[in-house]
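What follows is a single structure, written as structure tokens, with notes after it.
Only heavy atoms go into these numbers, but all of them, side chains included; no hydrogens, no water, no symmetry mates.
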Amino acid sequence: AAQSRTIVEAVRITGAPGFTEEEVAHELELEAGDRFNVRRWIEDRHRLERFYRERGYRRVRIASTRNVTADRARVSLTYDIERGPRTIIEVKGDQLPDEVLDAMYDAWQGLPIADVVRTEFERIARQGLARRGYYRPALQLEFSAETSELARVTMRVSRGPQTKRLMIAWSGNHEVPNTELDALAAPHLAASAIWLDSQALAWQVRQLYASRGHLQAEVTVEDPALNAADATLPIAIEEGVLSRLAATRLVGVDPARTAGAEAALGLSIGEPLAAAAPDEATRRLKAFYAGLGYRNAGVTHTLTTAKDG
């Protein structure tokens with residue numbers, strides 16, 4: 001690839017960098033007189049971020065811009081820096097894993113509002129502890145008065161007992177066996193996600209039932225039962241009635257094509273109606289018309305469900 005002929009005319013440090021221009025510029029590879037290179041310019045931005053992070057300034061904001069002359073012969077680079085306060089997360093009591101602290105620092109960079117930070121810090125800490133089997137931690141956060149030089153958060157952590165085995169107790173399921181539901185839940189259990197976001201699994205269970213024609217199935221995640229090293233999460237299912245197709249009605253179809261259109265739907269009266277069946281039938285009907293040369297035919301459907309399914 002051809003090298004850029006654009007020369008770096010100047011490198012400027014603006015804003016409130018909190019360090020001398022010489023200290024900041026020392027981290028940059030692209031200097032005045034060098035050929036401009038986009039990759040090196042981006043890497044210089046990353047080097048500046050690392051420079052501040054390593055010194056505890058996790059909320060630093062760096063805006064890097066370039067101004068190219070009309071003939072593209074010269075470019076001026078500007079790094080506008082707002083250092084912000086040094087950020088410290090002090091953990092008392094049980095310690096948190098390093099990767100959890102790193103995630104909290106990363107979150108703090110974009111969340112300067114204390115109430116939002118508190119919620120996000122608790123979420124990250126609980127998620128990190130849950131991955132290690134600590135599902136019942138006690139967390140307390142204290143925010144010291146912030147100054148232009150320092151932002152400090154103290155988190156008191158009590159991990160609580162470690163759960164060695166996490167199980168799900170299904171109830172109310174008749175059409176779908178426990179083995180199939182357990183297989184659906186396995187990835188959530190492996191990542192401890194079931195404890196942190198049980199509604200994600202509940203949604204998947206509802207989708208599974210809907211695909212079998214139980215369009216009104218309800219899934220309720222109840223409070224967990226905790227014993228020493230075991231935890232059981234009860235999930236109750238109300239399967240509801242099995243929805244069956246009672247009738248189809250085609251509107252706007254040429255009578256000469258009615259039989260072909262009905263066949264294209266691929267639906268059988270009296271059979272269980274899966275949630276996706278109407279959409280799939282609509283696609284097949286559009287394909288039917290496209291095959292007849294009507295490529296812009298508009299096909300929509302309306303589903304009416306009786307109270308008894």
Side-chain angles (χ1 to χ4, degrees), residues 15-19 23-24 27 42-64 79-164 166 187-201 221 223-224 226 229 231 233:
F19 294 91
E23 289 176 298
V24 176
E27 301 299 314
I42 294 172
E43 289 175 350
D44 273 349
R45 160 70 180 269
H46 294 330
R47 272 186 281 272
L48 285 180
E49 289 179 341
R50 186 164 56 248
F51 170 81
Y52 280 94
R53 284 171 172 266
E54 288 175 349
R55 287 158 179 76
Y57 297 98
R58 300 289 189 124
R59 276 165 49 182
V60 63
R61 296 185 181 277
I62 303 172
S64 54
Y79 298 92
D80 189 69
I81 303 172
E82 294 296 328
R83 186 194 68 180
R86 177 176 290 172
T87 48
I88 296 177
I89 300 173
E90 181 182 11
V91 178
K92 294 186 177 181
D94 294 324
Q95 292 303 298
L96 294 173
D98 289 342
E99 62 268 25
V100 173
L101 280 174
D102 287 341
M104 290 166 68
Y105 275 120
D106 288 342
W108 204 359
Q109 182 178 16
L111 300 170
I113 302 173
D115 288 343
V116 180
V117 172
R118 181 187 301 276
T119 300
E120 187 65 5
F121 277 12
E122 288 188 358
R123 184 193 67 79
I124 293 171
R126 290 184 187 282
Q127 188 175 60
L129 291 170
R131 291 196 181 100
R132 289 159 179 79
Y134 297 101
Y135 299 109
R136 292 161 275 175
L139 305 175
Q140 182 181 358
L141 280 84
E142 299 172 3
F143 287 78
S144 302
E146 184 174 316
T147 69
S148 60
E149 295 296 321
L150 180 65
R152 177 191 293 272
V153 174
T154 301
M155 176 176 275
R156 303 179 188 279
V157 179
S158 176
R159 296 182 304 195
Q162 186 178 31
T163 298
K164 301 292 186 180
L166 179 58
H188 297 266
L189 287 169
S192 298
I194 182 62
W195 194 272
L196 300 164
D197 185 13
S198 58
Q199 291 308 311
L201 175 60
V221 180
D223 292 334
L226 306 171
L233 193 66

Least distance between heavy atoms, L233 atom then P224 atom
CD1-CB, 3.8 Å

Heavy atoms of G128 and V100 approach each other most closely as CA-CG2, 3.7 Å

Side-chain donor/acceptor of T163 to backbone N/O of A231, under 3.5 Å
no

Residues in side-chain contact (heavy atoms from CB on, under 4.5 Å) contact with T154, at least two apart in sequence or another chain
E90, K92, E142, R152

Contacts of D197 meeting side-chain contact (heavy atoms from CB on, under 4.5 Å) (sequence neighbours excluded), chain-then-number -> Q199, A200

Between Q162 (side chain) and R132 (backbone), is there a donor-acceptor pair under 3.5 Å?
yes

A151 backbone acceptor or donor facing S144 side chain under 3.5 Å:
no

On a heavy-atom basis, the closest approach of P85 and E146 is CG-OE2, 3.8 Å

Mind checking the CD-CZ spacing from E49 to R47? Nearest 0.5 Å is all I need.
11.5 Å

Any carboxylate oxygen within less than 4.0 angstrom of a Lys/Arg side-chain nitrogen, looking at E122 and R118?
no

One pair to check against side chain to side chain contact (heavy atoms under 4.5 Å, CB included): L48 and Y79. What are the steps and the verdict?
CA-CA 9 Å; L48 285 180; Y79 298 92; 3.6 Å; yes

For residues 115-140, the ring pair (Phe, Tyr, Trp, His ring centres under 6.0 Å) pairs (sequence neighbours left out) are W108-F121, Y135-W195

Nearest 0.5 Å, what's the CG-CG distance between L129 and D94?
8.5 Å

Interatomic spacing from OH in Y52 to CZ in R86 - rounded to 0.5 Å:
12.5 Å

Do L96 and M155 pass the side chain to side chain contact (heavy atoms under 4.5 Å, CB included) test, and can you show the C-alpha distance, the side-chain angles, and the key distance before you say yes or no?
CA-CA 10 Å; L96 294 173; M155 176 176 275; 3.7 Å; yes

The criterion is ring pair (Phe, Tyr, Trp, His ring centres under 6.0 Å); which residues satisfy it with Y105, sequence neighbours excluded?
none

Can you name the residues that form a salt bridge (charged side-chain N to carboxylate O under 4.0 Å, His left out) with E27, not counting sequence neighbours?
none

Report yes if the side chains of I88 and V153 come closer than 4.5 Å at any heavy-atom pair, otherwise no.
no

Taking all heavy atoms of R83 and all of G18, pick out the closest pair and write down the distance.
NH1-O, 3.6 Å

Just by modelled atom types, is the I62 backbone N or O under 3.5 Å from a matching donor or acceptor in the R45 side chain?
yes

With R53 via salt bridge (charged side-chain N to carboxylate O under 4.0 Å, His left out) - residues at least two apart
D106

Going from NE2 on H188 to OG on S198, what distance comes out if it is rounded to the nearest 0.5 angstrom?
10.5 Å

I want to check something: taking the side chain as every heavy atom from C-beta on, are V221 and L201 in contact at a cut-off of under 4.5 Å?
no

How many angstroms lie between atom CD of E120 and atom CZ of R123, to the nearest 0.5 angstrom?
4.0 Å

